[in-house]
Number of protein chains: 2
Amino acid sequence: MAGDTRDRMIDATVEALRRRGVAGMSFTEVLRDSGAARGAIYHHFPGGKGQLVAEAASRNGRDVRANLAALPADDPLALVESFLALIRPVVECSATGSGCAVAAVTIASGEPAENASLREVAATAFASWTDALAARLRVSGLAPDAATDLATTLLALLEGAQVLCRAEGSVAPFDRMTRTALDLTRTRYAAR
Amino acid sequence: MAGDTRDRMIDATVEALRRRGVAGMSFTEVLRDSGAARGAIYHHFPGGKGQLVAEAASRNGRDVRANLAALPADDPLALVESFLALIRPVVECSATGSGCAVAAVTIASGEPAENASLREVAATAFASWTDALAARLRVSGLAPDAATDLATTLLALLEGAQVLCRAEGSVAPFDRMTRTALDLTRTRYAAR
DNA sequence: GTCTATACAAAGATAGAC
DNA sequence: GTCTATCTTTGTATAGAC
């Protein structure tokens, strides 16, 4: 098939970004994991590493966004609870070294032009996640401003938890954080 | 002087870690910024890149911990407010590409042995930050468990905000997150 | 202890046969 | 479109003069 190789290369790149970041990742690794040949890189991605990484981060951004948009929105508290339940498996991966691909793309290492382009991709992905979460929070009854603020907070918690859990090699930081988050949200948004 | 060169090299490494991460950072950069000669690296750091990076992350960990331990602890709400005020300038640096040096050390790229060692350094630093924050929260009146949970949450917010603000190139995500954090903390811990 | 010069490996990028 | 082979650059690591 045609686009199959290209697809597998992007998938392998997402995984490589998660584990090693853009500077730490290598074509050797991507080619090994995708089974593609060396020349396939510049055939499918004339822009080289920058283009491959950008497409990988972009795909990951869309995938995650779809998950967030499908969250139940009965009320704010339920949404926070289901958000935390949704991301726990993701954070568990961080405990074994697999972080956020979009966050990884944030770290600059090359020339300003390429960096700006990659940061733009990351910013777009994060914005789409914030928007998806905020939309659900509005549906659940929150005012627009409060929804955006809380959505950003939840996203910061997700990204932060991945960092802490990767360092500690366990989900314990996430679970501690979850207790506080639920405690605070219940106090504030309980439909009592 | 004797330890001066070594010190400047560590400082330059902290800065390099913040901007480019461990895989993206190079000796060339560190030598340029510290004014040291090429041979100085293995003279002062026989363990090579691994040792230099570990010492840099470790120093940064101690510095940040000292700042956290000095936070006023009149009551939980005041502590959260002063924590957010303390970290805002740090997060502002993220908007121009300078992230958390300890978080950077978390990303594996080389052989398992070196990776484990660096993750250990990061875990120790994060644990010391959590402990410092939790200690202040206990002084401010929180129960031990609640203090540890909230400390972890604040740390996750700090790390997450740096990621989001670096991607977006502005402090706006931090400010949104701050509004929610203050709103929730006031509702929960207001000394009314 | 500080510096210059260099060895060695790995990465990204290309060329061109099939 | 896919593959092999290779060029060029960069980075880590080391040797040895001063």
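Lettering of chains follows the sequences in order, A, B, ..., and the numbering in each one begins at 1.
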Annotated protein contacts, base or backbone, on nucleotides 11-18 of chain D with a non-hydrogen cut-off under 4.0 Å, one of B, S, - each: SBBB----
Arg8(B) side chain to Ser34(B) backbone, donor-acceptor under 3.5 Å: yes
Residues, nucleotides or ligands: over 12 heavy atoms within 6.0 Å of Asp145(B) CG: no
Side chains of Thr180(B) and Thr152(A) in contact at under 4.5 Å (non-hydrogen atoms): no
Phosphate OP1/OP2 of dC3(D) contacted by His43(A) side-chain N/O (<4.0 Å): no
Residues forming a side-chain contact (heavy atoms from CB on, under 4.5 Å) with Thr96(A), sequence neighbours excluded: Arg19(A)
Test item: Arg136(A) side-chain N/O and Leu71(A) main-chain N/O as donor-acceptor pair under 3.5 Å: yes
NZ/NE/NH1/NH2 to OD/OE distance under 4.0 Å, Glu55(A) and Arg59(A): no
Glu111(A) CD - dA13(C) C1' separation (whole Å): 13 Å
From CA spacing to verdict: side-chain contact (heavy atoms from CB on, under 4.5 Å), Arg88(A), Phe174(A): CA-CA 8 Å; Arg88(A) 193 174 192 280; Phe174(A) 174 79; 3.4 Å; yes
Angle of first-five versus last-five pair axes in the helix from dG1(C)-dC18(D) to dC18(C)-dG1(D), to 10 degrees: 0°
Transitive ILVMFWY side-chain link Leu158(A) to Ile107(A), under 4.5 Å: no
Rounded distance in Å - CG (Leu52(A)) to P (dG12(C)): 10 Å
Protein-nucleotide distance (Arg8(B), atom CZ; dT2(C), atom P), rounded to Å: 9 Å
